[in-house]
S.K.: 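The structure's right below; bear with me while I get my questions together.
Start at 1 and go down the list; that is how both ligands and their atoms are numbered. Just so it is clear, the structure is predicted and the values come from calculations on it, not from any experiment. Because only heavy atoms are used, hydrogens play no part in the values below, and waters and symmetry mates are left out as well, while side chains stay in.
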Amino acid sequence: MDKKALFEDISKNILMCRKCALGSSRKNAVPGEGSVDAEIMFIGEGPGREEDLQGRPFVGAAGKFLDELLCDIGYTREEVFIGNIIKCRPPNNRVPMPWEIEVCIPYLYAQIAIIEPKIICTLGNTPLNALVSSKLTIGTVHGTLLEKDGFKFSPMYHPAAVLYHGELKGTLKKDFLKLKELLNAEQK
Ligand code: URA
């Protein structure tokens, strides 16, 4: 099977998934979207209200801001991959429970294995803690380059947190510019 077919297979499994209770409370699962050849994957926490309604990642206010940040560094949504640690919306947008992450994260690992990105950009604490280390916090490691299990990670503040704390906007924009430099320096 080619990469696209493998990816679509995972998406189909996500859309039918009932491994945890979120499978019953969601309207739509949100597998994630973008290019299977993406150099960079952006990973958020989990779908919010708008994402749950549309079945697409980062389509609300935070998503519009993410589009703007991508545009600043010369990318479109279609050229990268955008997804989440968990694929179904937690009620009232609460932080995902550890067991929800545990049953859902294999889908993301499978997506990462297919895409083989140069850099995985984690947005906020939840993906940083789930993918890199539970001991790190975004306030101390944002804008750096971390490595784990042969993958490179660039942690960023979550765009929704920055919309809420406007004083972080300049920091996030700077971290995106750094990300572009890191990508330029990487060889796939
Ligand atoms: N916030 C997230 O973490 N993910 C989305 O898809 C939307 C908002």
S.K.: Does Lys173, at its NZ atom, have more than 12 non-hydrogen atoms belonging to other residues, nucleotides or ligands within less than 6.0 Å?
M.R.: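 Correct, the count exceeds 12.
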
S.K.: Do any nitrogen or oxygen atoms of Phe58 lie less than 3.5 angstrom from nitrogen or oxygen atoms of ligand 1?
M.R.: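 Yes - when backbone and side-chain N and O of Phe58 are compared with those of ligand 1, one distance drops under 3.5 Å.
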
S.K.: Among protein heavy atoms, which sits nearest to atom 4 (N) of ligand 1, and what does the distance come to when rounded to 0.1 Å?
M.R.: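 For this ligand atom, the closest protein heavy atom is Asn84 OD1, 2.7 Å.
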
S.K.: Going by an N to O cut-off under 4.0 Å, is there a salt bridge joining Arg89 and Glu50?
M.R.: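 No, this pair does not count.
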
S.K.: Short list, please: which atoms of ligand 1 are under 4.0 Å from a heavy atom of Pro57?
M.R.: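 That gives atoms 6 (O) of ligand 1.
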
S.K.: Starting from atom 2 (C) of ligand 1, locate the nearest protein heavy atom and write down its residue, its atom name and how far away it is, to 0.1 Å.
M.R.: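 Result: Gly46 O, 3.1 Å.
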
S.K.: Tell me whether the centres of the aromatic rings in Phe58 and His158 are closer together than 6.0 Å.
M.R.: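 They qualify: ring centres under 6.0 Å apart.
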
S.K.: By the definition salt bridge (Lys or Arg N to Asp or Glu O under 4.0 Å), identify the one residue from Arg94, Lys19, Lys87 that meets it with Glu100.
M.R.: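 Answer after filtering Arg94, Lys19, Lys87: Arg94.
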
S.K.: With respect to Glu51, determine whether any N or O atom, backbone or side chain, lies less than 3.5 Å from an N or O atom of ligand 1.
M.R.: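 No, Glu51 has no N/O under 3.5 Å of an N/O on ligand 1.
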
S.K.: Does His158 come within less than 4.0 angstrom of ligand 1, counting non-hydrogen atoms of the residue?
M.R.: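 It does, in that a heavy atom of His158 comes within the 4.0 Å cut-off of ligand 1.
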
S.K.: Verify whether the ring centers belonging to Phe42 and Phe176 lie closer than 6.0 Å.
M.R.: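 Distance test on ring centres: under 6.0 Å, yes.
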
S.K.: Which of the numbered atoms in ligand 1 are below 4.0 angstrom from a heavy atom of Gly44?
M.R.: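 Matching atoms, with element in brackets: 3 (O).
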
S.K.: Run the ring-centre check on Phe7 versus Phe81 and record whether the distance is less than 6.0 Å.
M.R.: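 Yes, they do, as the ring centres are separated by less than 6.0 Å.
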
